[in-house]
Amino acid sequence: MNIIGISGSSVKGGNNEKAIEHALDRAKEKGFETEKIKLSEKDIKGCIACDQCKGMKGSCSIKDDMEEIRPKLAQADGIIASSPVYFASMSSQLKAMFDRTLPLRREDFKLKDKVGAAIGIGRSRNGGQELAIQAIQNCMHLHGMIVIGDNNHFGGTIVTPFEEDELGKNTVDDTVDKVCDLLEKIHK
Ligand SMILES: Cc1cc2nc3c(=O)[nH]c(=O)nc-3n(C[C@H](O)[C@H](O)[C@H](O)COP(=O)(O)O)c2cc1C
């Protein structure tokens, strides 16, 4: 089974990339195949609402890195998305990516029943990590995904720097464990 981890930050080597690396290493230890998507390396333009994907299911008029990301998401069993908290929500980079998954929704809900989870990373305690997580989970719900938290609260919540937030790292670990456990139950 395959889990994709998406880092929604533009900062190369930053906290989100570290968190996704950490999460996927844990999934790998449990025998899952993993793949990282770092938005810091991707060119993803905003949706222009041309509605081409409405008429021609699955197709998008904008040719950028979403052309390779969409099929990867469509073949994943689980998706873990991490975002820096920007003004108490997810980053515009990650939102642009989710907006550009509309062709997958219009192609008979290609992300339906995939297990989804989120990580929110902010500089402040109570900086809006849960709001960023909720924004990500809302997108996942619109795809008909099976959205989970950390078995206790809403998902992975980190106060930067990632390396020093031991409590936060536990929430990331618990989130990954729940994604893996649920996938194992579903595919038994
Ligand atoms: C435009 C902008 C808005 C931000 N808004 C918040 C915020 O609302 N709450 C918060 O805790 N941190 C906020 N931050 C700090 C970032 O969330 C934090 O630096 C980020 O998680 C670091 O992740 P990265 O190293 O992967 O980029 C903001 C940073 C930027 C650049």
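What you see is a predicted model, and the numbers here were worked out from it, not measured in a lab.
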Any side-chain heavy atom of [X] sitting closer than 4.5 Å to one from [Y]?
| X | Y | answer |
| --- | --- | --- |
| M66 | T101 | yes |
| D177 | N151 | no |
| K178 | D174 | no |
| L183 | F32 | yes |
| P103 | R70 | yes |
| P84 | S91 | yes |
| M1 | E184 | yes |
| K42 | Q93 | no |

Could you check whether any side-chain N or O of [X] sits under 3.5 Å from a backbone N or O of [Y], counting only pairs where one atom can act as donor and the other as acceptor?
| X | Y | value |
| --- | --- | --- |
| K38 | K12 | no |
| D65 | D43 | yes |
| Q137 | F154 | yes |
| Q75 | K72 | yes |
| N16 | S7 | no |

What pair of heavy atoms forms the shortest contact from [X] to [Y], and how long is it?
| X | Y | result |
| --- | --- | --- |
| A118 | I133 | CB-CG2, 3.9 Å |
| A96 | K45 | CB-O, 4.3 Å |
| V115 | I186 | CG2-CD1, 3.8 Å |
| C60 | R100 | SG-NH2, 3.5 Å |
| G120 | V85 | C-CG2, 4.5 Å |
| L94 | A81 | CD2-CB, 4.4 Å |

Pairing of [X] and [Y] as salt bridge, 4.0 angstrom limit:
| X | Y | result |
| --- | --- | --- |
| D51 | R106 | yes |
| E21 | K18 | no |
| K36 | E17 | no |
| K28 | D25 | yes |
| D165 | K169 | no |

### Task
Apply side chain to side chain contact (heavy atoms under 4.5 Å, CB included) to the pair C180 and I3, showing each step before the final yes or no.
CA-CA 9 Å; C180 294; I3 297 176; 3.9 Å; yes
### Task
Dump the intermediate steps for side chain to side chain contact (heavy atoms under 4.5 Å, CB included) on N15 and S9, then the final yes or no.
CA-CA 8 Å; N15 294 280; S9 173; over 6 Å; no
#### Entry: Test salt bridge (charged side-chain N to carboxylate O under 4.0 Å, His left out) applied to K185 and D181, step by step
CA-CA 6 Å; K185 279 181 186 150; D181 290 351; over 6 Å; no
Quick check: is [Y] connected to [X] through a chain of hydrophobic side chains (ILVMFWY, heavy atoms under 4.5 Å apart)?
| X | Y | answer |
| --- | --- | --- |
| I136 | M97 | yes |
| M90 | I119 | no |
| L111 | V147 | yes |
| L24 | L182 | yes |
| M140 | I44 | yes |

Interatomic spacing from [atom1] in [X] to [atom2] in [Y] - rounded to 0.5 Å:
| X | Y | atom1 | atom2 | result |
| --- | --- | --- | --- | --- |
| I37 | I80 | CD1 | CD1 | 12.0 Å |
| I4 | I79 | CD1 | CD1 | 6.5 Å |
| I6 | S83 | CD1 | OG | 11.0 Å |
| L104 | H143 | CG | NE2 | 6.0 Å |
| M145 | D113 | CE | CG | 10.0 Å |
| N170 | I158 | CG | CD1 | 9.0 Å |

#### Entry: side chain to side chain contact (heavy atoms under 4.5 Å, CB included) between Q129 and V159, intermediate numbers included
CA-CA 8 Å; Q129 285 84 343; V159 180; 3.9 Å; yes
### Message
Could you tell me if T171 and D150 have a donor-acceptor pair between their side chains, going purely by distance under 3.5 Å?
### Response
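No - no donor-acceptor pair under 3.5 Å links their side chains.
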### Flag if over 12 foreign heavy atoms under 6.0 Å of NE2, H153
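Not buried by this count: 12 neighbours or fewer within 6.0 Å.
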